[in-house]
Amino acid sequence: SWARMIHDLRESLVYHLTAAMRVHEKMGFPEDTLEALKERTPQIVETLVQLLPALFFVSVSVIVLMNVLLLCRRLPERRTEWLSVDNFREWKCPEPVVWGLIVCGFALFISGLEWLTTLAVNVLVVIGACYFAQGLAIIGYFFHKNNVPRFLRGVTYVLIFFQQIFTLLVVGLGLFDLWGDFRRLRKNNLNPSQVS
């Protein structure tokens, strides 16, 4: 049953978090940090279970996108049919998505409806993933434009994926591109009379 699967998933997450804390304890991590983690383990597990639909959707989307990109390399003549842009550096999240972000943000302030909060958080994670991809496209665009060496690109991408503050900055960059148009894509799409 669905309830039994969720129960087993919770138990598995608790077991793995406890095992990870034991490893950290043997490695000599500070005792107060480990105690705080032990106290918060039920909250962490509950949050992960609540975010499971969004995490599943985002991971399946990434897998599908990777397969489409691999097929585009194999069948380059079909690339224009399968992809909306020629290059990832030009990709832009659809503008109406920002309304989903605003509505879900306000829904988090409604108290008493736990299902609405869970739904809003899951939608926010999916929208955040979209803006994260747009932020990566902006960074890739400026790396390409300024001929940044591959080593520096690699270091930057590692920092983005492993440091949460940089990840959030990339999401913010993708979101504010809606108003800032950092790559000047709107201007590039206009004909000369519209630009003047």
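What you see below is based on every heavy atom in this structure, not just the backbone, and it leaves out hydrogens, waters and symmetry mates.
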Nearest heavy-atom pair of A54 and N122: which atoms, and what distance?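 That closest heavy-atom pairing would be N-OD1, 3.0 Å.
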
Contacts of [X] that satisfy salt bridge (charged side-chain N to carboxylate O under 4.0 Å, His left out) - sequence neighbours left out:
{"X": "E39", "answer": "none"}
{"X": "R40", "answer": "none"}
{"X": "D8", "answer": "R4"}
{"X": "E46", "answer": "R10"}

In terms of the angle between their ring planes, are F176 and W179 parallel, tilted or perpendicular, with boundaries placed at 30° and 60°? tilted

Going by ring-ring contact (aromatic ring centres under 6.0 Å, His included), name the residues that satisfy it together with [X], two or more places apart in sequence or in a different chain.
{"X": "Y157", "value": "F143"}
{"X": "F166", "value": "none"}
{"X": "Y131", "value": "none"}

Excluding sequence neighbours, so at least two apart, what forms side chain to side chain contact (heavy atoms under 4.5 Å, CB included) with M27?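 M27: side chain to side chain contact (heavy atoms under 4.5 Å, CB included) contacts with V23, F29.
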
Return the set of residues passing side chain to side chain contact (heavy atoms under 4.5 Å, CB included) with F56 (not counting sequence neighbours), or none when no residue passes. V60

For atom CD of E77, decide whether the heavy atoms of other residues, nucleotides or ligands shown that lie under 6.0 angstrom number more than 12.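 Yes, because the 6.0 Å sphere around CD of E77 holds more than 12 heavy atoms from other groups.
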
Sequence neighbours left out, cut at 3.5 Å: what donor-acceptor pairs do the side chains of residues 64-75 make with other protein atoms?
{"unit_1": "N67", "atom_1": "ND2", "unit_2": "I63", "atom_2": "O", "d": "2.9"}

Apply side chain to side chain donor-acceptor pair (under 3.5 Å) to E81 and list each qualifying residue two or more places apart in sequence or on a separate chain. R78

With H7 via side chain to side chain donor-acceptor pair (under 3.5 Å) - residues at least two apart: E11

Would the distance check show the side chain of T167 and the main-chain N or O of I160 forming a donor-acceptor pair, the cut-off being under 3.5 Å? yes

Would you sort out whether E90 and Y141 count as a side-chain contact (heavy atoms from CB on, under 4.5 Å), showing the intermediate values? CA-CA 7 Å; E90 298 172 5; Y141 173 83; 5.7 Å; no

Kindly work out whether a path of hydrophobic side-chain contacts (I/L/V/M/F/W/Y, heavy atoms less than 4.5 Å apart) joins V171 to V103. no

